[in-house]
2 protein chains.
Amino acid sequence: MLIESLTHPAPEALLAFLRAHLHARVTLHLAGEVEVLYAGRATSMAEAGDRLLLVKPDGSLQVHGPRGVKPVNWQPRTDHLSADLDGGCVVLHAERRSPAEVVRVRVIGCAQVTALNLADEALFLLQGSEAQMQQALARAPHLIEDGLTVLDRELLVGVGGIDLYARDSQGCFVVVELKRGKAGHDAVHQLGRYVDAVRAQVSAPVRGILAAPDITVPALKVAQAAGLEYVKVDALPQVQEEARQPMLF
Amino acid sequence: MLIESLTHPAPEALLAFLRAHLHARVTLHLAGEVEVLYAGRATSMAEAGDRLLLVKPDGSLQVHGPRGVKPVNWQPRTDHLSADLDGGCVVLHAERRSPAEVVRVRVIGCAQVTALNLADEALFLLQGSEAQMQQALARAPHLIEDGLTVLDRELLVGVGGIDLYARDSQGCFVVVELKRGKAGHDAVHQLGRYVDAVRAQVSAPVRGILAAPDITVPALKVAQAAGLEYVKVDALPQVQEEARQPMLF
DNA sequence: AGGTTGATCTCGACT
DNA sequence: AGTCGAGGTCAACCT
């Protein structure tokens, strides 16, 4: 996994190291004093400072400072990566088109640089996504309201899709918007848009339900004012009742 | 800057290393085979695989795989960090309250671990934020429309704030919503909300203008259908004309 | 390639 | 502490 590592390399040694590994499906880690320029959707410059640089085999690049999960500068995926000598310093260029962006990293001093092989064989499982919540509630719509019948999932209406489209025991159409976390007023507005879109196409009464484990106070007020309903549902609804359901027929 | 680095340390040596540096205002970098559990707002597990681990002095932790800017697992800022031996493996615990979350990293094999001092003395400048755009357009509202007079910035109306509140040459009130990038339909709806809120309080006619460097086709259609206007403005409006303005008085 | 949505979003600012 | 909105959001999915 550890391919090669240098400590305090001279610029020429660093350049050779980078050129040997940059395009070799390798993950690079560099710690050192660095100066970063970015130009693209916005423009930024960072004066020289101690930073941690990460370059992954997909060409993505990130420059980390001493705080936070977010890099100080980054490039999601580069179409072109190169290393050159400029004024006695190694300079990394990371460019991409669409959007047209470039990050230039000038390495003033390198304390350590490492080439690694990060093979990605590992299984990854995430529980609690909105997609899982949607699946669970589509199977057990009574967790939202008794007598609800799900007609569709991800129904496209105008722009965007309705998480759950259903009919209640009274025959009303019901638009359900799901949020896996606490719902804010943006979720209420999103629901309002979908309800409006359905009302424009259907003559029968249409209800809007925001289903989430929690809701902010302002969002609840906005919902009530707009005639939309909020229903508290668990983020990980346990749908094990069906296993207990006796076979009736 | 480079404090200490070990290659292929045994678990006991790694544990000593981590305990010596974890709470020493130091940035840690670890490359190795690792297994990660996360529980909090969601739940995830990653089987053993080659990963790159980063721990910063603020307690933030991230586990990187071979692709993308985003870590596979992370923890934004921990209240509690600890390292222990469990079944012959070093295990890192990173916990925080609010939200209650925990990340557990089991180090199965460590190829390299490094302690770094990332002093943050570096100046960072970002140009092209929406705040800068707002300031520039407030000073030069003619870039949006001739004869516009800005009355207010970030005017609070109901929930949320109006980026720019103005009056046009005809005496109409104008609500301006700014976007630094391409505007989507969410921006149009946001503008619509604000316009509605102002109309409810003012008897004079109210216009809504979406000012952005670009707009998606669907968003433009929605805007036109709702009687809202789109004005193309540069993301970095150069307001140097005022320097050329002759002193009239 | 363009558009939309979700995210363990992160992060800062403000109440 | 809670809420809100921006972000160079990123990244996945769909048309």
Side-chain angles (χ1 to χ4, degrees), chain A residues 36 38-44 58 60 62 67-77 96-103 126-134 154 156 158-163 177-187 190 193 214-221 235, chain B residues 36-44 58 60-63 67-77 94 96-103 126-134 154 156 159-161 163 177-187 190 214-221 235-236:
Chain A
V36 187
Y38 157 74
R41 288 165 290 179
T43 300
S44 82
D58 66 349
S60 64
Q62 44 196 312
R67 280 172 1 203
V69 169
K70 258 186 65 178
V72 183
N73 282 103
W74 69 92
Q75 190 79 283
R77 195 187 89 247
R96 69 162 167 170
R97 307 164 176 76
S98 180
E101 292 185 305
V102 57
V103 169
L126 181 72
Q127 254 183 18
S129 68
E130 187 181 301
Q132 290 179 1
M133 188 179 167
Q134 185 186 116
E154 294 293 350
L156 294 175
V159 288
I162 295 176
D163 288 338
E177 171 70 23
L178 300 181
K179 285 299 161 200
R180 63 166 301 285
K182 186 178 271 200
H185 54 67
D186 52 338
Q190 201 172 352
R193 286 211 309 270
D214 202 359
I215 188 170
T216 67
V217 174
L220 184 58
K221 283 181 182 157
Chain B
V36 186
L37 276 180
Y38 157 74
R41 289 164 290 179
T43 300
S44 83
D58 65 349
S60 65
L61 173 150
Q62 43 196 312
V63 183
R67 282 174 353 207
V69 170
K70 261 185 61 178
V72 183
N73 284 103
W74 69 94
Q75 190 80 282
R77 195 167 98 243
R96 69 164 167 168
R97 308 163 178 78
S98 181
E101 291 186 309
V102 57
V103 169
L126 180 71
Q127 257 183 18
S129 67
E130 189 180 301
Q132 289 179 4
M133 190 179 166
Q134 184 186 118
E154 294 293 349
L156 293 177
V159 67
D163 288 339
E177 171 71 24
L178 299 180
K179 284 296 160 202
R180 63 166 302 286
K182 189 178 267 201
H185 53 69
D186 53 338
Q190 200 174 347
D214 201 0
I215 187 170
T216 67
V217 175
L220 184 57
K221 283 182 180 154
L236 289 171

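Just so it is clear: chains get the letters A, B, ... in the order the sequence lines come, proteins before strands, and each one is counted from 1.
For B:Gln190, whose side chain is taken as the heavy atoms from C-beta onward, the closest listed nucleotide among D:dA6, C:dG2, C:dC11 is D:dA6. Picking from D:dC4, D:dG8, D:dC10 the nucleotide with the shortest atom distance to the side chain of B:Lys70 gives D:dC10. Side-chain atoms of B:Arg41 lie closest to C:dC9 of the nucleotides C:dC9, D:dG8, C:dG12. Checking D:dC4, D:dG8, D:dA6 against the side-chain heavy atoms of B:Leu126 singles out D:dG8 as nearest. Of the candidates C:dG3, C:dT8, C:dA7, the closest approach to any side-chain atom of B:Thr216 belongs to C:dG3. Which of D:dC10, D:dG8, D:dC4 sits closest to the side chain of A:Gln75 comes down to D:dG8.
The base of D:dG8 is paired with the side chain of A:Glu101 by a donor and an acceptor separated by under 3.5 Å. For C:dT4, its base never sits under 3.5 Å from the side chain of B:Asp186 at any donor and acceptor pair. For B:Glu130 against D:dG7, a side-chain-to-base donor-acceptor contact under 3.5 Å is absent.
One interatomic measurement links the two molecules: CG of A:Leu178 to C1' of C:dA7, which rounds to 15 Å at whole-angstrom precision. The distance from atom CH2 of B:Trp74 to atom P of C:dT8 is 5 Å, rounded to the nearest whole Å. Counting to the nearest Å, the P atom of C:dT8 and the CG atom of B:Leu61 are 16 Å from each other. Atom CD in B:Gln62 sits about 11 Å away from atom C1' in C:dT10, given to the nearest Å.
Here B:Lys182 does not reach the OP1 or OP2 of C:dG2: none of its side-chain N or O atoms lies under 4.0 Å away. Phosphate contact (OP1/OP2 of C:dT4, side-chain N/O of B:His185, threshold under 4.0 Å): present. Look at A:Arg193 and you won't find any side-chain N or O under 4.0 angstrom from OP1 or OP2 of C:dT4.
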Provide a list of protein-nucleic acid N or O atom pairs under 3.5 angstrom, restricted to nucleotides 13-15 of chain C.
none

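Separation of atoms CD (B:Gln62) and CD (A:Gln62) is listed at 7.0 Å; rounding is to 0.5 Å.
Rounded to whole Å, the P atom of C:dC11 lies 15 Å from the corresponding atom of D:dA11. For the C1' atoms, the distance linking C:dA7 with D:dG7 amounts to 13 Å, nearest Å.
Searching all strands for a Watson-Crick or G-U wobble partner of D:dA12 with both distances below 3.5 Å returns C:dT4.
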